[in-house]
Amino acid sequence: MSAKNSHDIATQLRPVLTRLVRKMRKLSPIDTPLSQTERAVLVSLENQSLLAAELAVIEKITPQSMGQVITHLNSLGLIDKTPSDTDKRKIYLSISALGKEMIRQVRNERDEWLSKAIAEVCNAQEQEILKAAIGPLTKLVEY
């Protein structure tokens, strides 16, 4: 494939993906008082405990800003804090049961919307094309 062809695909694909992501974000519960960064922190904590400094690096924000995020998430009961066994100055953060439930709810709502949209808007051939595109799109995300 030529560089021009790749560029043409990118030029057409980028705005479509951007609009799809925005639409999916809008499907979050209206009463969820979380910023995009706060949601990203919950997802980062979903499978591991991390220090606030590690989260700040992952999210590319200052430690002070991360402190505000953590304070808000903690006040809502969405994260748990656990002191390190070896260094009591270190506090590990993990997602609470309530935080996991919130993420599950948001994902379910998004999955239901996307499933309905695919079923109603795309014919069987288009659905197969979308299914085949999952592999290449995953490669792009992991690049």
Side-chain angles (χ1 to χ4, degrees), residues 1-84 87 89-143:
M1 181 175 291
S2 72
K4 180 175 179 355
N5 195 16
S6 295
H7 186 268
D8 291 344
I9 292 170
T11 300
Q12 294 174 42
L13 185 60
R14 183 194 43 74
V16 171
L17 292 178
T18 300
R19 289 177 60 209
L20 180 60
V21 167
R22 282 188 189 140
K23 193 161 205 166
M24 299 290 287
R25 284 182 178 160
K26 287 181 182 178
L27 297 174
S28 298
I30 306 248
D31 60 345
T32 302
L34 299 181
S35 69
Q36 210 45 48
T37 300
E38 290 168 335
R39 291 176 195 181
V41 166
L42 288 179
V43 170
S44 292
L45 294 174
E46 195 171 15
N47 296 313
Q48 61 185 337
S49 294
L50 295 168
L51 299 169
E54 293 170 321
L55 284 168
V57 169
I58 290 168
E59 291 305 315
K60 297 177 177 66
I61 63 175
T62 66
Q64 294 81 5
S65 294
M66 182 54 67
Q68 292 174 339
V69 168
I70 291 166
T71 298
H72 188 232
L73 292 175
N74 191 49
S75 73
L76 296 172
L78 300 176
I79 60 171
D80 294 322
K81 295 180 174 184
T82 307
S84 168
D87 185 347
R89 296 171 295 173
K90 293 183 179 181
I91 305 291
Y92 284 95
L93 306 166
S94 58
I95 190 168
S96 69
L98 183 61
K100 286 180 184 178
E101 177 57 27
M102 180 180 281
I103 287 176
R104 187 196 62 73
Q105 178 186 354
V106 169
R107 286 179 179 157
N108 283 344
E109 289 171 357
R110 291 175 179 181
D111 288 349
E112 286 176 24
W113 175 85
L114 189 54
S115 173
K116 182 179 178 193
I118 290 169
E120 291 180 4
V121 174
C122 300
N123 62 36
Q125 182 182 4
E126 291 167 331
Q127 290 180 26
E128 287 302 316
I129 291 169
L130 288 174
K131 187 175 180 180
I134 293 170
L137 289 171
T138 300
K139 286 181 182 179
L140 292 175
V141 170
E142 293 172 354
Y143 176 71

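Scope of the values below: all heavy atoms of this structure, side chains included, with no hydrogens, waters or symmetry mates.
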Taking all atoms of both residues into account, what is the closest heavy-atom pair of P15 and A10, and its distance? CD-O, 4.4 Å

Do side-chain atoms of Q48 reach the backbone of L45 as a donor and acceptor pair under 3.5 angstrom? no

How long is the span from the CD atom in E101 to the CD1 atom in I103, to the nearest 0.5 Å? 10.5 Å

For a 4.5 angstrom cut-off between non-hydrogen side-chain atoms, does N108 reach R104? yes

Is any side-chain heavy atom of L50 closer than 4.5 Å to a side-chain heavy atom of Y92? no

As an exercise, state the distance from CE of M24 to CH2 of W113, rounded to the nearest 0.5 Å. 6.5 Å

Do E38 and L78 pass the side chain to side chain contact (heavy atoms under 4.5 Å, CB included) test, and can you show the C-alpha distance, the side-chain angles, and the key distance before you say yes or no? CA-CA 10 Å; E38 290 168 335; L78 300 176; over 6 Å; no

What distance do S49 atom OG and I79 atom CD1 have between them, rounded to the nearest 0.5 Å? 10.5 Å

Verdict with supporting geometry, D111 and R107, salt bridge (charged side-chain N to carboxylate O under 4.0 Å, His left out): CA-CA 6 Å; D111 288 349; R107 286 179 179 157; over 6 Å; no

What do you reckon, is CD of Q36 surrounded by more than 12 foreign heavy atoms closer than 6.0 Å? yes

So, the side chain of E112 versus the backbone of E109: is there a donor-acceptor pair under 3.5 Å, distance only? no

Apply side chain to side chain contact (heavy atoms under 4.5 Å, CB included) to residues T138 and E142 and explain how you reach the verdict. CA-CA 6 Å; T138 300; E142 293 172 354; 3.5 Å; yes

Are V41 and I58 close enough that some pair of their side-chain heavy atoms sits under 4.5 Å apart? no

Do the side chains of T18 and R14 get nearer than 4.5 Å, heavy atoms only? yes

Run the side chain to side chain contact (heavy atoms under 4.5 Å, CB included) check on K81 and I70 step by step: do they pass? CA-CA 10 Å; K81 295 180 174 184; I70 291 166; 3.9 Å; yes

L34 and L73: side chain to side chain contact (heavy atoms under 4.5 Å, CB included), yes or no, with the steps? CA-CA 8 Å; L34 299 181; L73 292 175; 3.7 Å; yes

Validation row: E126, L130 side chains within 4.5 angstrom (heavy atoms): no

Roughly how far, to the nearest 0.5 Å, is the CD atom of Q68 from the CD1 atom of I61? 8.5 Å

Quick one: are V57 and E54 in side-chain contact, heavy atoms under 4.5 Å? no

Side-chain heavy-atom pair N74, D80 within 4.5 angstrom cut-off: no

Compare all side-chain heavy atoms of E59 with those of V69 and state whether any distance is below 4.5 angstrom. no

In this structure, OG1 of T37 is separated from CG of L55 (nearest 0.5 Å) by 11.0 Å

Measure the spacing between NZ of K131 and CD1 of I118 and express it to the nearest 0.5 Å. 11.5 Å

Between the main-chain N or O of H72 and the side-chain N or O of S75, is there a donor-acceptor pair closer than 3.5 Å? yes

